[in-house]
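Excluded from the calculations below are hydrogen atoms, water molecules and symmetry mates; all remaining heavy atoms, backbone and side chain alike, are included.
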Amino acid sequence: MSVPDMARPENAGEMYLVPLAPNPAGGFERLFVLTGDALAGEIKRIVPQAGAERVPAPTGRRTLRLFHFNDFHNYLTLPSAKHGPSAKHGPDASEGDSHLFAQIVRRFRAARAGAGSEEAVLLLSGGDDHTGTVFDELIGWSADEFVMDPAYAAYSAAGVDAATLGNHELDRGAEMLRLGIRQDARFPILSANVFGSAFIEPGRDYFPAAIGVAKGVRIGLIGLTTTVDTRVHTSIDPGLAVGSPLAVLRNLVPALAGWIDVLLVMSHCGYGADATSLGKAGAMRYLAEGDVTLARALAPLWDKPLLIIGGHTHTVLNEHGFDDRTLIAGVPIVQAGGQASHLGEVEIEIGDPPPRRAPRARLHPLKRRHNAEDIDAGFQAATVAPMLARLAHRLAEEVAIVEADEAVSSAVTLVARYAGECALANFIADALVERTQEIPGGAVDLAIVNATAIGRGVKRGSLTFLDWYGVIPFADCVQMASLSGRQLRDIVRDNAKRIVRPDELAQSGGSPGAIDTTGYVSRGFLHFSRRLRYRLRLGAGAASASAEEIAVDGIPLDDCLERAFRIACTNYLGAGGYGESWNGAIIGGGVPGGLKGYDLRAIPKLDTGLVFRDEVLAHLRRIRRLAPDTGARLDGRLILV
């Protein structure tokens with residue numbers, strides 16, 4: 001979105017209302033954005049600027065139909081075998097490409113085409129539109145590598161009306177996000193609680209809130225970003241920070257009275273209060289000011305139609321309509337899974353006479369195996385296919401031959417990454433150590449890999465770039481940490497309490513309350529490179545789990561507590577693991593007892609600028625074989641007792 005410099009209020013307690021061109025493919029007839037600081041204090045006045053004015057309320061009844069998705073993570077299309085030797089991408093992948101976003105486009109465009117004069121149809125993103133598929137490669141890591149922002153380009157062409165700023169939008173740095181917004185986003189990006197970046201500019205690249213007019217309905221939108229998992233205060237962008245979502249609502253919501261008919265809080269803060277049993281992988285995950293908490297705060301602030309459009313926890317809500325979990329103090333909450341699992345739809349009646357029925361919600365599962373009539377073929381051909389064409393040569397590149405056995409398969413890896421020694425994690429950690437030997441002065445003693453850094457396993461045969469992207473989907477960078485043997489011992493001991501225990505694993509046929517390891521279990525379990533070995537005694541429960549006989553190169557760690565070690569890890573772990581609580585916070589992911597995790601943030605670290613996935617990939621390209629004799633095996637570095 002090419003946005004000129006906008007007026008910004010100089011007086012505390014004021015926000016300016018500024019006109020902005022809506023997405024020409026979207027549903028808004030008119031669009032205004034708010035500029036100013038919603039965190040500094042109560043907003044007492046909204047001041048219209050040139051071209052903006054208070055739009056009169058509509059007469060009669062209107063229907064607002066909202067299509068929403070969240071945590072799409074660039075799953076625009078899952079490429080199939082024709083883009084490389086890999087035949088499938090998961091147990092339900094089709095033999096052809098899985099055109100996921102084109103399914104959304106077909107459904108909501110049909111709804112928009114069929115809408116009458118009193119029905120407005122909008123399409124909204126709840127954030128985390130980036131990081132997860134090979135489309136990320138079009139963004140690059142520096143300005144000279146940038147080609148395009150595939151998510152925002154696709155959303156603009158499809159008709160998305162607004163998007164929330166999610167935490168993963170900042171994975172490649174705010175400079176790359178700025179390039180994508182300014183070139184490819186023809187809709188407003190919203191966050192009222194992100195501030196301080198040296199690169200993305202509030203009031204130009206993103207806005208705290210917006211007011212859109214569709215079929216005469218005045219629709220207010222407030223964007224909120226999670227405080228838990230956003231990468232803030234990095235060495236590249238030290239001023240970037242995230243403020244309290246609750247403070248934003250208390251400061252801003254009352255000021256919108258008289259300006260809008262319905263309020264949409266686009267919250268990338270996660271479903272729940274402080275924790276939820278409905279989050280990723282069905283395991284509790286620590287949240288700060290999640291949507292349940294926000295709903296309770298909103299209820300006394302707003303007496304008109306209201307909806308929280310959620311994201312961040314990949315939670316599937318309202319499969320059968322609203323219930324007591326998603327109507328909190330009368331405030332409805334929606335969220336549509338994640339990684340292109342669902343499209344959400346909400347219908348709200350607005351106006352006079354009063355609505356005849358409460359808001360209605362439903363979910364539309366997106367198909368990995370779909371038919372021609374399920375997608376908008378024109379959109380796929382005109383918008384997504386050219387992006388794939390730009391990537392085709394890279395997707396098909398054969399980087400190695402897999403000669404390992406079932407130990408590195410997805411079926412085994414998805415469990416082992418959380419529940420014990422993992423052959424693929426062993427290979428990755430050891431490869432990272434090998435790569436550091438090539439950095440002058442950078443060689444490390446050990447490497448640490450968190451379980452959630454591994455997205456899936458591999459199968460025998462040709463391993464392509466596309467396959468490896470699925471193994472390590474996230475855009476983490478490598479840091480070098482310096483710590484003592486005493487600190488290392490404490491980390492290993494803490495790690496013992498985070499393992500998914502045998503009685504927690506889902507059995508065949510399913511077990512009530514069991515953890516589904518095919519999703520993200522956000523408790524922060526770690527894997528170590530080969531020089532560190534230990535026994536993990538499970539004990540009666542997480543609180544009594546312990547690490548014993550910890551040794552490096554066969555030397556008991558208790559005998560070298562003052563020795564200095566250099567450790568390679570990701571910047572995700574270096575920043576405390578966010579929701580995985582390597583930051584002194586209570587360990588989530590279903591670990592009982594309110595156990596506090598070790599705080600990795602205070603350990604001195606050096607940013608290398610190296611991309612974790614690319615370093616392991618470079619090792620693979622060099623050895624050309626992923627096999628037991630090249631490190632893809634179980635070697636007893638972790639023994640469960």
J.: Got a second to check how far Arg624's CZ is from Leu463's CG, nearest 0.5 Å?
T.: 9.5 Å
J.: Contact between Val492 and Phe528 at the side-chain level, heavy atoms closer than 4.5 Å - yes or no?
T.: yes
J.: Check Glu403 with Lys459, please: is the shortest side-chain N to carboxylate O separation under 4.0 Å?
T.: no
J.: Between Glu201 and Arg178, does any NZ, NE, NH1 or NH2 come within less than 4.0 Å of an OD or OE carboxylate oxygen?
T.: no
J.: To the nearest 0.5 angstrom, please state how far the CZ atom of Arg563 sits from the CG atom of Leu483.
T.: 11.0 Å
J.: Quick one: are Trp468 and Arg613 in side-chain contact, heavy atoms under 4.5 Å?
T.: yes
J.: Can we say Arg566 and Asp445 salt-bridge, meaning some charged N sits less than 4.0 Å from an Asp/Glu carboxylate O?
T.: no
J.: Counting heavy atoms not belonging to Glu406, are there more than 12 under 6.0 Å from its CD?
T.: no
J.: Please examine the side chains of Ile448 and Ile567, heavy atoms only from C-beta on, and report whether any two atoms are closer than 4.5 Å.
T.: yes
J.: As a quick check of understanding, evaluate side-chain contact (heavy atoms from CB on, under 4.5 Å) for Arg390 and Met148, giving each step before the final call.
T.: CA-CA 11 Å; Arg390 287 180 164 184; Met148 66 184 303; 3.4 Å; yes
J.: Return the OG1 to CG distance between Thr518 and Leu414, rounded to the nearest 0.5 Å.
T.: 7.0 Å
J.: Between Leu78 and Arg368, which heavy-atom pair has the shortest distance, and what is it?
T.: CD1-NE, 4.0 Å
J.: In terms of ring plane angle, is the pair Tyr572 and Tyr578 parallel, tilted or perpendicular, where the classes change at 30° and 60°?
T.: tilted
J.: If you define the side chain from C-beta out and look only at heavy atoms, does anything of Asp237 sit under 4.5 Å from Leu170?
T.: no
J.: Do Thr452 and Val521 make a side-chain contact, defined as non-hydrogen atoms from C-beta onward lying under 4.5 Å apart?
T.: no
J.: Got a sec, which residues hit salt bridge (charged side-chain N to carboxylate O under 4.0 Å, His left out) with Arg633, two or more places apart in sequence or on another chain?
T.: none
J.: Has the side chain of Thr133 got a donor or acceptor atom that lies under 3.5 Å from a matching backbone atom of Asn74?
T.: yes
J.: Decide yes or no on side-chain contact (heavy atoms from CB on, under 4.5 Å) for Leu466 and Leu391, but give the supporting numbers first.
T.: CA-CA 10 Å; Leu466 175 60; Leu391 290 167; over 6 Å; no
J.: Is Asp205 salt-bridged to Arg182, going by a charged N under 4.0 Å from an acidic O?
T.: yes
J.: State whether the side chain of Glu580 and the backbone N or O of Ser522 hold a donor-acceptor pair below 3.5 Å, judged by distance alone.
T.: no
J.: Assign the ring pair His314 / His73 to parallel, tilted or perpendicular, where the plane angle (0 to 90°) is split at 30° and 60°.
T.: tilted
J.: Show your working on side-chain contact (heavy atoms from CB on, under 4.5 Å) between Val444 and Met480 and close with a plain yes or no.
T.: CA-CA 8 Å; Val444 299; Met480 304 293 188; 3.2 Å; yes
J.: What is the distance from atom CG of Leu179 to atom CD of Gln183, rounded to the nearest 0.5 Å?
T.: 8.0 Å
J.: When rounded to the nearest 0.5 angstrom, what distance separates CD in Glu145 from CD1 in Ile139?
T.: 11.5 Å
J.: Salt-bridged, Arg460 to Asp405, with N to O below 4.0 Å?
T.: no
J.: Give a yes or no on whether the backbone of Gly457 and the side-chain of Ser410 come within a donor-acceptor separation of less than 3.5 Å.
T.: yes
J.: Heavy atoms only: give me the nearest Ile236-Phe199 pair and the separation to one decimal.
T.: O-CE1, 3.7 Å
J.: Could you check if a side-chain atom of Thr464 sits within less than 4.5 angstrom of a side-chain atom of Leu395, using non-hydrogen atoms only?
T.: no
J.: Taking the side chain as C-beta and beyond, is there a heavy-atom pair between Val458 and Ser409 under 4.5 Å?
T.: no
J.: Is the distance between the ring centroids of Phe101 and Phe69 less than 6.0 Å?
T.: yes
J.: Between Thr77 and His99, does any side-chain donor sit less than 3.5 Å from a side-chain acceptor?
T.: yes
J.: Keeping the roles fixed (side chain from Arg498, backbone from Asn495), state whether a donor-acceptor pair exists under 3.5 Å.
T.: no
J.: What's the shortest heavy-atom distance between Asp129 and Thr164, and which atoms?
T.: OD2-O, 4.3 Å
J.: Checking His130 side chain against Glu169 main chain: does a donor-acceptor pair fall under 3.5 Å?
T.: no
J.: What are the two closest heavy atoms between Met266 and Leu190, and how far apart are they?
T.: SD-CD1, 4.1 Å
J.: Passes ring pair (Phe, Tyr, Trp, His ring centres under 6.0 Å), Tyr152 versus Phe187? Steps please.
T.: CA-CA 9 Å; Tyr152 287 165; Phe187 51 88; 5.6 Å; yes
J.: Passes side-chain hydrogen bond (donor to acceptor under 3.5 Å, both in side chains), Glu398 versus Ser462? Steps please.
T.: CA-CA 6 Å; Glu398 182 180 88; Ser462 179; 2.6 Å; yes
J.: Indicate yes or no for a side-chain donor-acceptor contact from Arg523 to the backbone of Ile499 under 3.5 Å, with no hydrogens or angles considered.
T.: yes
J.: How are the rings of His619 and Phe427 set relative to one another: parallel (under 30°), tilted (30 to 60°) or perpendicular (over 60°)?
T.: tilted
J.: Is it true that the NZ or CZ of Arg172 lies under 6.0 Å from the centre of Trp141's six-membered ring and within 45 degrees of the ring axis?
T.: yes
J.: Hey, what's the ring geometry for Tyr469 with Phe465, parallel, tilted or perpendicular (30° and 60° as the breaks)?
T.: tilted
J.: Looking at His527 and Cys422, what are the two nearest heavy atoms and their distance?
T.: CE1-CB, 3.7 Å
J.: Can you tell me if Ser529 uses its side chain to pair, donor with acceptor, with the backbone of Asp430 under 3.5 Å?
T.: no
J.: How are the rings of Tyr520 and Phe474 set to each other: parallel, tilted or perpendicular (split at 30° and 60°)?
T.: tilted
J.: Taking Thr230's backbone N and O only, do any of them form a donor-acceptor pair with Asn167's side chain (distance below 3.5 Å, no angle check)?
T.: no
J.: Check whether Asn70 reaches the backbone of Ala336 with its side chain - one donor and one acceptor, N or O, closer than 3.5 Å.
T.: yes
J.: side-chain contact (heavy atoms from CB on, under 4.5 Å) between Ile104 and Leu100: does it pass, once the steps are laid out?
T.: CA-CA 7 Å; Ile104 288 178; Leu100 297 164; over 6 Å; no
J.: Please enumerate all residues that pass salt bridge (charged side-chain N to carboxylate O under 4.0 Å, His left out) together with Asp149, with sequence neighbours excluded.
T.: none
J.: Is any side-chain heavy atom of Lys605 less than 4.5 Å from a side-chain heavy atom of Ile603?
T.: yes
J.: If you round to the nearest 0.5 Å, how far is CD of Glu397 from CG of Asp467?
T.: 11.5 Å
J.: Counting N and O atoms only, with roles assigned by atom type, does the side chain of Asp136 sit under 3.5 Å from a partner on the main chain of Gly132, one being a donor and the other an acceptor?
T.: yes
J.: Could you pull out the closest heavy-atom pair between Glu421 and Asn426, with the gap in Å?
T.: OE2-ND2, 2.8 Å
